[in-house]
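Please read the structure below before turning to the comments.
Throughout, protein chains are lettered first and strands after them, A, B, ... in sequence-line order, and every chain is numbered starting at 1. Being a predicted model, the structure only gives us computed values, none of them experimental.
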Amino acid sequence: MAELTYRDAVAYGIAQEMRRDPSLVMLGEDIAGAGGVFKTTVGLLDQFGPGRIRDTPISEQAILGAAMGAAMTGIPVIAEIMFSDFLAVCFDLVANEIAKSRYMTGGQVQIPMVIRTANGGGSRFGAQHSQSVENWCMMIPGLKVVAPSTPEDVVGLMAASIRDPDPVVFFEHKSLMASKGQVPDGEVVGKLGEARIVREGSDCTIVALALMVPRAVEAAERLAADGISAEVIDLRTLVPLDTRTFLGSVSKTSRCFTVEENPRLCGWGAEIASIVAEEVFWDLDGPVVRITTPHIPLPAAESLEDMAIPSVERIYETVRKALG
Amino acid sequence: MAELTYRDAVAYGIAQEMRRDPSLVMLGEDIAGAGGVFKTTVGLLDQFGPGRIRDTPISEQAILGAAMGAAMTGIPVIAEIMFSDFLAVCFDLVANEIAKSRYMTGGQVQIPMVIRTANGGGSRFGAQHSQSVENWCMMIPGLKVVAPSTPEDVVGLMAASIRDPDPVVFFEHKSLMASKGQVPDGEVVGKLGEARIVREGSDCTIVALALMVPRAVEAAERLAADGISAEVIDLRTLVPLDTRTFLGSVSKTSRCFTVEENPRLCGWGAEIASIVAEEVFWDLDGPVVRITTPHIPLPAAESLEDMAIPSVERIYETVRKALG
Amino acid sequence: MSIDPDPGLLDYSTRPARLPHPVDPANDNLEISLDTRVRMYELQQVLRQFEKRAYDLFMQNLVKGTSHLSLGMEAIATGFGLALRHDDYTFATYRGHAHTIARGAALGAVMAELLGRDNGILGGKGGSMHLTSVEHGMMGSYAIIGAHLCVANGAAWSAQMRGTDQVAVAFFGDGTTNIGAFHEALNLAVVWNLPVLFVCENNLYMEYTPIDLVTAVRNPAAGRASAYGLDPIVVDGNDADAVYVAARTAVENARRGKGPALIEAVTYRHGGHSRADPGKYRPAGEVEAWMGRDPIPMYHQRLLRLGVPEGQLTSITQDVARRVDEATEFAKAGERPTEGVLMTDVWADGGSAWRN
Amino acid sequence: MSIDPDPGLLDYSTRPARLPHPVDPANDNLEISLDTRVRMYELQQVLRQFEKRAYDLFMQNLVKGTSHLSLGMEAIATGFGLALRHDDYTFATYRGHAHTIARGAALGAVMAELLGRDNGILGGKGGSMHLTSVEHGMMGSYAIIGAHLCVANGAAWSAQMRGTDQVAVAFFGDGTTNIGAFHEALNLAVVWNLPVLFVCENNLYMEYTPIDLVTAVRNPAAGRASAYGLDPIVVDGNDADAVYVAARTAVENARRGKGPALIEAVTYRHGGHSRADPGKYRPAGEVEAWMGRDPIPMYHQRLLRLGVPEGQLTSITQDVARRVDEATEFAKAGERPTEGVLMTDVWADGGSAWRN
Ligand SMILES: Cc1ncc(C[n+]2csc(CCOP(=O)(O)OP(=O)(O)O)c2C)c(N)n1
Ligand SMILES: Cc1ncc(C[n+]2csc(CCOP(=O)(O)OP(=O)(O)O)c2C)c(N)n1
Ligand SMILES: [Mg+2]
Ligand SMILES: [Mg+2]
């Protein structure tokens with residue numbers, strides 16, 4: 001066991017896989033010489049050399065195109081898109097090419113690549129550098145979507161994503177970078193499509209992801225003080241989606257809350273809520289409640305951003321009102 | 001009253017507004033000399049001249065940038081993106097610039113523009129020219145989203161969209177182009193944010209959009225033959241969303257079905273279902289059921305595409321099973 | 001406030017026709033073996049007859065959806081088809097029938113795909129705009145402008161990393177030179193010195209809009225070469241020999257680690273942009289003039305001048321006709337794909353499950 | 001299979017420093033009124049002192065989020081600031097403090113925005129990366145690379161359609177010349193003959209990566225001009241007079257309907273890319289050499305040579321210091337924006353309702 005920050009876990013996880021597979025390469029802006037703007041790739045250039053860790057121009061379409069073309073022809077690739085907001089400048093490659101090529105070609109093309117990107121708010125970067133856009137990728141058939149909340153999951157799910165033969169979009173949360181956690185020694189390999197029950201409970205289920213997980217847990221602790229027992233689930237991956245775990249939990253607790261950083265409309269919480277409302281409707285004792293960022297662009301000012309993104313307080317109050 | 005095709009209604013609606021506002025302009029690929037690849041802009045060049053109807057290079061980012069910059073500085077603009085799938089090549093402008101600028105600038109910037117685009121399946125064009133991507137825009141704060149199902153709504157909602165001071169994405173459905181309908185004489189101006197009850201019913205509510213509206217109506221007629229009375233709602237605009245109309249209907253019928261062409265995950269139906277499950281939960285007599293295109297890229301072959309997109313048969317069978 | 005009704009933009013009606021240059025007689029003497037030339041004649045016949053048949057099947061409403069023919073442009077796919085090695089990579093656009101066949105894909109499987117049958121080369125899932133045959137190095141037809149130039153870089157990068165001397169080639173049109181991805185792809189290819197060729201099939205039109213109306217330079221590709229430190233290369237896209245020699249040279253350089261090239265092959269499509277289009281927007285005389293520069297009769301004459309007996313060419317032509325008939329029968333014999341395949345091949349495990 | 005550990009790409013460590021050219025003494029004699037020059041001295045002082053203060057407030061952790069300073073690059077915003085008319089349009093990047101102030105925005109309101117206060121120029125909603133002041137023709141700071149070049153075209157197109165002779169200017173960095181939107185914007189501007197200027201502030205680095213490592217040509221902007229039929233223009237970005245003259249000429253041409261220009265102003269940032277960055281990746285001697293070409297002391301010397309009394313320059317400098325102090329007080333006096341404004345200004349009606 002070693003304690004790592006979420007930030008360091010990224011390079012740690014990538015290095016584990018680069019040692020294992022000598023053909024694995026990575027490309028992106030400022031990732032090599034500079035070690036990444038979030039310092040998540042520090043040391044990789046020294047360990048693996050400029051042939052495998054490549055700095056690129058500011059050309060996101062060229063980055064994802066190079067990754068896709070290499071992956072199609074036998075070289076697994078990790079491509080970094082610095083901020084997830086920038087997926088919009090290369091969205092044709094993400095949504096129309098990388099995601100669809102296998103199906104369109106009747107299975108002729110295989111694209112073993114991972115798109116790593118810094119996601120989420122809390123850094124006061126404003127509307128173009130703070131978005132949570134995991135729903136942008138979840139909605140596209142052909143993409144797998146991962147968003148870890150702990151250093152151990154960063155390492156394990158990074159390995160699982162890299163070893164997965166299909167394209168995976170891997171969301172690293174900016175506001176979790178400094179958080180710490182234990183990572184087992186030796187090879188760490190997780191599994192896509194397995195949610196984690198972070199905290200057991202009997203009165204309600206709170207489904208969360210990434211930065212919302214620690215907030216949901218803290219809210220659950222405050223609820224416990226009020227005698228409300230909340231079960232907290234970390235989805236960890238949105239595609240494949242572990243519906244069994246949250247459906248089982250909701251069947252047990254009879255109430256479901258989702259906590260998402262996506263702005264309200266068509267966030268992943270809507271998908272969870274619709275699955276719950278369709279498949280375990282008869283087990284529900286009350287409305288399915290979504291807690292989301294309001295449907296607005298994210299403001300830059302500290303005070304405003306803190307009001308926009310679901311807080312421990314808001315989660316706590318919402319559940320308490322709904323159950324009290 | 002005159003009978004128009006949905007296709008002709010597009011140019012008809014644009015012409016009405018161009019006559020009314022001499023500063024309104026339009027740009028896009030092959031829209032002027034050629035009258036548009038879907039022939040939706042035929043005749044506009046002759047009526048309004050090349051100064052107001054502009055052919056562009058294949059440069060979607062330049063198209064939306066030009067539209068945004070002109071709109072910001074006093075010229076209302078209609079920009080055509082030929083196929084809605086291509087919103088992906090200019091998605092940074094759609095999602096990060098056009099949608100967010102007013103908020104980011106504290107209200108300094110106003111962007112009166114309409115993005116018109118051909119949406120939806122049924123033409124056997126395959127995965128890159130057949131998508132229904134209205135959810136790509138619905139999920140972005142700062143965009144209004146319109147998707148008419150009739151010639152009259154094409155004209156009326158086109159006028160409403162053009163006169164709206166905020167950016168609107170206007171989805172024209174490829175498979176409705178040849179459909180006909182009556183359009184009132186004189187100026188026709190609709191209203192954004194008003195759904196339409198297309199067919200009254202008492203046993204269940206079917207919420208639909210665009211091509212799914214006529215299919216839902218036909219399914220409702222077949223259900224009527226089985227003694228099931230279905231109310232069919234055409235949302236018409238996703239943002240602003242007329243929740244009153246569908247919530248009122250579900251409270252009355254106690255059952256809700258959504259029929260969407262979006263692939264399953266995070267489609268607009270999920271948003272509707274989550275609102276219903278949260279706000280009229282106690283009025284529900286059974287699960288909220290979504291009928292969607294499966295979560296796959298769209299296949300090209302006629303036989304396969306017809307299996308993928310919700311059909312009258314599938315709507316009918318799904319509702320019947322759920323209620324029977 | 002009112003907008004100037006005519007800002008004086010160059011417009012269709014007044015636009016002069018762009019006529020073809022005459023064939024360069026010196027091309028008879030290019031260093032190309034007669035055997036290669038005969039194979040190029042045969043390939044051009046295959047492409048021509050295959051697409052004429054595809055067009056007929058359209059008219060019989062057997063081909064659904066859309067399709068984009070290269071009739072009149074066959075010399076380009078042919079010149080490159082012969083210059084590439086079996087393990088090189090081709091990336092094409094929705095106008096990709098010719099490039100797919102030129103790499104060796106079976107005519108029947110391609111025809112079946114156009115007809116949306118289960119014996120199609122993509123099982124009916126992709127259709128005319130996405131023809132792919134990985135076993136022949138044909139890495140896909142991309143229907144949204146621009147992206148595939150970036151993807152071709154990736155295949156070339158992969159070859160470079162794997163230490164093979166494979167070359168990747170991306171074919172695209174004149175209109176495609178104005179999209180952002182073109183710029184990003186060219187710059188990265190040069191910076192990384194990738195073994196990739198960018199081949200612009202300049203047929204003078206995007207869909208219906210003449211390229212001159214929307215492009216800052218007269219040569220949409222060659223006029224941009226200097227922005228990447230590349231040589232401006234323009235070849236006669238209606239002369240398979242000229243194309244072949246340009247391709248051979250560029251391929252050789254790329255194999256030897258000399259990096260990318262940007263080649264503009266000037267040509268013309270005989271028909272419209274796609275099935276629906278009658279091509280009315282083209283000025284009087286333009287189509288006729290280019291018909292007079294049809295690459296195939298020209299090449300026929302050249303081979304006669306070079307001593308190939310008329311009879312040999314005739315039998316090639318007849319043999320091709322037979323193969324196209326067989327391909328058509330094969331395609332028509334296919335079934336419409338059924339439910340069973342709808343949900344397959346989204347993922348590497350063969351399925352499409354997004355949940356447990 | 002294993003990847004060649006070093007494909008011999010040019011890499012940081014071995015990279016030679018890129019040293020500044022000496023000041024051109026002839027620039028003393030450029031045709032610029034002394035009054036204009038004194039105003040340029042004052043503006044450079046404002047930009048320098050304002051951003052030094054912003055940096056100090058950072059260090060006191062009063063500025064949250066990020067911010068990108070133009071310290072060392074002031075001559076560019078200054079030369080253009082003086083050459084533009086009040087109704088011209090400016091489009092800048094996240095590195096936009098200088099361009100916003102150069103158009104006349106109030107120092108206090110800008111400083112308050114950096115501090116995230118309710119008296120900020122955007123009410124705290126946009127922050128450092130999105131400074132905008134429509135009343136001054138400053139149409140926004142765009143934080144995602146590329147798009148704003150396309151948006152600037154739109155403002156120029158609008159001026160053209162409205163028959164005004166306004167000009168739009170887009171400022172961007174060297175790294176931005178490699179993104180697709182750059183190419184699309186330049187091509188359309190030329191095809192439509194728009195009154196727009198594209199000004200590349202070439203400070204030799206993208207964030208941390210030297211521009212030479214990722215660009216196919218030595219001059220990231222000027223080296224691309226011919227691809228759009230434009231003249232390659234390179235100016236000394238550390239000499240306000242050189243920038244002013246280039247700007248004046250380009251603005252005049254654009255006003256007269258002579259169309260767009262692409263101008264590369266070579267400069268250097270004294271600090272890191274953004275708040276966090278110490279700028280360690282720069283080779284030994286490079287920073288020092290460019291510090292020796294600091295645009296402000298150089299300009300100070302020039303004005304003395306041209307007969308402006310030392311005392312006048314001193315009092316300007318002191319006056320600016322006072323204004324920056326006042327701006328700081330104004331900013332600190334602002335409140336943190338409250339709940340009331342969170343949900344405003346998504347729509348033109350002032351609200352953010354997405355439903356009834
Ligand atoms: C990004 C994008 N924009 C627009 C289109 C629609 N479209 C399909 S083909 C075409 C014309 C392409 O012209 P060119 O590159 O010259 O190729 P050609 O069809 O002439 O071979 C256009 C605009 C598209 N497929 N993708
Ligand atoms: C599309 C996009 N990619 C990456 C970034 C991250 N980024 C912000 S500034 C920057 C460097 C820009 O370099 P340059 O254009 O030279 O401008 P400078 O910062 O030097 O003024 C990068 C890569 C971004 N904002 N947008
Ligand atoms: Mg063309
Ligand atoms: Mg720079």
Side-chain angles (χ1 to χ4, degrees), chain A residues 23 25 27 51-52 54 56-75 77 89-90 92-93 96-113 138 141-145 164-166 193-195 238-245 275, chain C residues 89 91 113 120-127 129-135 138-159 161-162 166 168 180-181 183-189 191-192 194 196 341 344-350 352-356:
Chain A
S23 70
V25 299
L27 79 169
R52 296 179 64 188
R54 289 259 181 135
T56 69
I58 305 173
S59 306
E60 280 75 9
Q61 295 184 81
I63 290 169
L64 292 192
M68 176 179 171
M72 281 168 70
T73 52
I75 301 280
V77 184
V89 301
C90 47
D92 178 49
L93 276 138
N96 292 331
E97 313 295 347
I98 292 166
K100 297 178 165 62
S101 290
R102 169 179 284 277
Y103 188 83
M104 289 194 301
T105 61
Q108 288 186 55
V109 167
Q110 175 129 323
I111 306 177
M113 66 179 278
M138 185 181 190
L143 296 178
K144 293 178 179 176
V145 181
D164 193 280
D166 296 311
E194 273 186 6
L238 291 175
V239 182
L241 183 65
D242 180 1
T243 57
R244 280 208 204 106
T245 297
I275 294 169
Chain C
Y89 299 115
F91 293 83
E113 189 62 31
I121 196 161
L122 312 172
K125 280 178 170 163
M129 294 203 288
H130 299 296
L131 297 178
T132 304
S133 184
V134 170
E135 65 174 307
M138 206 301 175
M139 303 307 290
S141 302
Y142 298 75
I144 299 183
I145 299 291
H148 75 292
L149 280 75
C150 298
V151 182
N153 274 344
W157 179 36
S158 154
M161 289 191 288
R162 286 181 283 111
Q166 294 162 286
H183 180 62
E184 295 191 14
L186 268 288
N187 183 65
L188 189 73
V191 170
W192 286 6
L194 298 175
V196 60
V341 301
T344 62
D345 286 328
V346 171
W347 307 126
D349 66 10
S352 57
W354 54 268
R355 62 177 290 178
N356 56 9

Report which part of C:Trp157 has an atom under 4.5 Å of a heavy atom belonging to chain A: side chain, backbone, both, or neither. side chain
Between C:Ser158 and A:Thr73, do the side chains contain an N or O donor and an N or O acceptor separated by less than 3.5 Å? yes
Taking salt bridge (Lys or Arg N to Asp or Glu O under 4.0 Å) as the definition, give me every residue that meets it alongside A:Asp164, ordered by chain and number, with sequence neighbours left out. A:Lys144
What part of C:Ser141 gets within 4.5 angstrom of chain A, counting heavy atoms only: side chain, backbone, both, or neither? neither
Region of C:Ala181 in contact with chain A, defined by heavy-atom distances below 4.5 Å: both
Per-residue tally against chain C (heavy atom, under 4.5 Å) across A:Thr245, A:Val25, A:Ile58 peaks at A:Val25
Under 4.5 Å heavy-atom distance to chain C, tell me which part of A:Glu97 shows up: side chain, backbone, both or neither. side chain
Considering the options C:Val196, C:Asn153, C:Val151, C:Leu149, which one meets the side-chain contact (heavy atoms from CB on, under 4.5 Å) requirement together with C:Phe91? C:Val151
Looking at C:Ser133, C:Ala143, C:Gly127, which makes the most heavy-atom pairs under 4.5 Å with chain A? C:Ser133
NE2 of C:His183 to CD of A:Gln61, rounded to nearest 0.5 Å, is 11.0 Å
A:Met68 and side-chain contact (heavy atoms from CB on, under 4.5 Å): which single residue from A:Ile98, A:Val109, A:Ile63 fits? A:Ile98
Need one label for A:Leu64: side chain, backbone, both or neither, based on atoms under 4.5 Å from any heavy atom in chain C. neither
A:Ile275 versus chain C, the contacting section by heavy-atom distance below 4.5 Å: side chain
Where is the tightest heavy-atom contact between C:Glu113 and C:Gly126, given as atom of each residue plus distance? OE2-N, 3.3 Å
What residue, out of A:Met104, A:Gln110, A:Arg244, A:Arg102, has the most heavy-atom pairs lying under 4.5 Å from chain C? A:Arg102
Under the side-chain contact (heavy atoms from CB on, under 4.5 Å) criterion, do A:Ser59 and C:Leu188 qualify, and how do the steps go? CA-CA 8 Å; A:Ser59 306; C:Leu188 189 73; 6.0 Å; no
Turns out that what part of A:Asn96 lies under 4.5 Å from chain C's heavy atoms comes down to side chain
